[in-house]
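Count residues from 1 along the sequence.
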Amino acid sequence: MFVKHGMNSGFSSLASSAVLRRQQFLIRSLKGYSVSDKIRMEAVKCLSGGASLEANAESVLRAITPSLDPTRHKGQAGKIAVIGGCREYTGAPYFAAISALKIGADLSHVFCTEGAATVIKSYSPELIVHPILEESYNISGVNDEGKRDISKKILSEFDKWMERFDCLVVGPGLGRDPFLLECVSKIMTHARQSNVPIVVDGDGLFLVTNSIELVSGYRLAVLTPNVNEYKRLVQKVLGCDVNDQNTHGELLSLSKQIGNVTILRKGKSDLISDGEKVQSVSIYGSPRRCGGQGDILSGSVAVFLSWARQCNSAAERESTISRTNPTVLGCIAGSALLRKAAALAFEHKKRSTLTTDIIEHLGQRYTHLS
């Protein structure tokens, strides 16, 4: 459960109980207490400041996952865009984009370089691939004015699609080409101006660490660093080395310093904070640490974040769940689902488990929520 940094746990439990009783009374008064209400109230309870740090991830998953409704049309369950993929890295953007579809998003796009596009398309016909990004080696003979024109063209092309997306995933397979990163910086700035959520992973974290203003103060941004990426963030933002004796306080400080951006620190237990609270997801996953699992996570968080925003909008009308930060809910759900799918994949494949095996188990682990 969430804990306020420095808050007395006894007082927090009493306060959350009072809030919970009022919410339950409202639900009964307005429309009766259904099974779905009960599920949502369990999620609210785990997010209201109790004494335990561990999230009730199952309740969060159930609370924010939309039901499969035949009256809904294509796109309502989520439209995700992955920005990444260059000639060296084509697997990472595919893993992120296909995971989003496997979880339940309706449409998944990939914006990549021309050299990566054909390869990514060959992995799956389900993905919509846009080969609009450019790397420096392709424009080595172009002068500065010509490069500015190319950058404007890339941004203009992406802007045609921007309003359609519920969330962006920036970084899987992006690479570190200077011109490419400059263009992606501008895309992120436009996404922020359009109030589109952004999940940042992989080389996107390299970009953000060196240009922290891209996400600073943006409450719809999520950073998903692994141990080395987190170390670089702490050194850049807090000006010190990672303190393993104060992991929760340090994570809170880091998030606050970046303007309450949500951070999902990946590890044995995933730690999540928006600068106000800390949450842990410690569900056992897999001892097999094959590359690509972070890409599954970023795609998963993007979908659940967009669903949590829809859920919070409904809550404002129905008063069935609290206005909990959707980025935090998305991180809890994405982390939990990945870990459970990884555990299932390892049960079948053992040491030979690959990321593609885990992706195939996303749906199997998720069928009980349909």
Side-chain angles (χ1 to χ4, degrees), residues 64-66 72-85 92-113 116-117 120-121 124 126-133 153-174 180 183-205 207-208 214-215 218-224 261-262 264 295-314 325-327 329-331 333-334:
I64 66 177
T65 301
R72 291 166 69 90
H73 57 76
K74 180 176 69 176
Q76 284 187 296
K79 302 177 291 295
I80 307 301
V82 177
I83 302 172
Y94 165 75
F95 290 147
I98 202 68
S99 296
L101 286 180
K102 288 281 187 178
I103 287 171
D106 287 338
L107 296 168
S108 194
H109 297 246
V110 178
F111 290 81
C112 60
T113 65
I120 296 172
K121 286 180 180 181
S124 172
E126 306 288 348
L127 304 179
I128 303 169
V129 183
H130 309 260
I132 68 169
L133 301 181
K153 183 180 178 181
I154 291 170
L155 192 59
S156 174
E157 185 63 29
F158 188 85
D159 281 348
K160 294 176 184 177
W161 294 89
M162 180 82 78
E163 65 179 19
R164 308 185 191 193
F165 298 133
D166 297 301
C167 190
L168 306 185
V169 181
V170 176
L174 185 62
L180 179 57
C183 292
V184 172
S185 296
K186 294 175 181 177
I187 289 173
M188 291 179 68
T189 299
H190 278 222
R192 181 170 179 170
Q193 292 168 351
S194 300
N195 213 37
V196 177
I198 307 172
V199 178
V200 186
D201 187 43
D203 289 321
L205 289 167
L207 171 61
V208 164
L214 289 172
V215 295
Y218 188 45
R219 299 297 296 268
L220 289 176
V222 176
L223 310 183
T224 61
V261 167
T262 297
L264 192 166
D295 305 311
I296 298 177
L297 179 64
S298 61
S300 303
V301 170
V303 177
F304 285 120
L305 193 167
S306 65
W307 287 350
R309 291 188 81 199
Q310 292 177 13
C311 200
N312 279 11
S313 296
N325 189 343
T327 58
L329 290 172
C331 288

Practice prompt. Give the intermediate values and the outcome of side-chain contact (heavy atoms from CB on, under 4.5 Å) for residues Val82 and Asp295.
Written response: CA-CA 10 Å; Val82 177; Asp295 305 311; over 6 Å; no

Discussion item. Please give me the minimum heavy-atom distance between Val199 and Cys167, naming the atom from each residue.
Written reply: CG2-SG, 3.8 Å

Worksheet entry | Any residue meeting side-chain contact (heavy atoms from CB on, under 4.5 Å) with Glu163, in chain and number order, not counting sequence neighbours | none

Worksheet item: Looking only at heavy atoms, which two atoms of Cys311 and Ile64 are closest? And how far apart?
Response: SG-CA, 4.1 Å

Worksheet item: How far does CD1 of Ile198 sit from CG of Leu223, to the nearest 0.5 angstrom?
Response: 10.0 Å

Worksheet entry | Side chain proximity check, Val222 to Pro197, heavy atoms < 4.5 angstrom | no

Worksheet item: Looking at side-chain heavy atoms only, is the closest gap between Tyr218 and Asn195 below 4.5 Å?
Response: yes

Fill in: Pairwise distance OG1(Thr262) to CG(Leu305) - rounded to 0.5 angstrom
8.0 Å

Worksheet item: Closest heavy-atom contact between Asp166 and Gly75?
Response: OD2-O, 4.2 Å

Worksheet, complete the sentence: In short, Val303 meets Ala105 closest at the heavy-atom pair CG2-CB, 3.9 Å

Worksheet item: Can Val110 and Tyr94 be said to form a side-chain contact (heavy atoms from CB on, under 4.5 Å), step by step?
Response: CA-CA 8 Å; Val110 178; Tyr94 165 75; over 6 Å; no

Worksheet item: Would Lys102 and Ile296 count as a side-chain contact (heavy atoms from CB on, under 4.5 Å) if you check the C-alpha gap in whole Å, the side-chain angles of each, and the deciding distance to 0.1 Å?
Response: CA-CA 10 Å; Lys102 288 281 187 178; Ile296 298 177; over 6 Å; no

Worksheet item: If you measure from OG1 on Thr113 to CD1 on Ile120, what distance do you get to the nearest 0.5 Å?
Response: 7.5 Å

Item to complete: Have a look at Ser185 and tell me which of Leu207, Leu180, Val170 forms a side chain to side chain contact (heavy atoms under 4.5 Å, CB included) with it.
Response: Leu207

Worksheet item: If you look at every heavy atom in Gly173 and Pro93, which pair is closest and at what distance?
Response: CA-CD, 4.0 Å

Discussion item. Is the ring pair Phe111/His130 parallel, tilted or perpendicular, if the boundaries are 30 and 60 degrees?
Written reply: parallel

Item to complete: Can you spot which of Arg72, Lys74, Lys79 makes a side chain to side chain contact (heavy atoms under 4.5 Å, CB included) with Gln76?
Response: Arg72

Practice prompt. Going by the side chain to side chain contact (heavy atoms under 4.5 Å, CB included) test, name the single residue among Thr224, Val169, Leu205 that passes it with Val200.
Written response: Leu205

Discussion item. Working to the nearest 0.5 angstrom, can you tell me the gap between Leu107 CG and Glu126 CD?
Written reply: 10.5 Å

Worksheet item: What are the two closest heavy atoms between Ala100 and Gly299, and how far apart are they?
Response: CB-O, 4.0 Å

Worksheet item: Is there side-chain contact between Ser298 and Pro172, with at least one heavy-atom pair below 4.5 Å?
Response: yes

Worksheet item: With a 4.5 Å heavy-atom cut-off, do Val196 and Leu220 have their side chains touching?
Response: no

Worksheet entry | Heavy-atom check, side chain of Met188 versus side chain of Val215, under 4.5 Å | yes

Worksheet item: Does the separation of the ring centres of Phe158 and His190 fall below 6.0 angstrom?
Response: no

Item to complete: Please round to the nearest 0.5 Å and tell me the distance separating atom OG1 of Thr65 and atom CD of Gln310.
Response: 11.0 Å

Item to complete: Drop me the distance from Met162's CE to Leu168's CG, to the nearest 0.5 angstrom.
Response: 6.0 Å

Fill in: Asp201 side-chain N/O to Gly171 backbone N/O, donor-acceptor pair under 3.5 Å
no

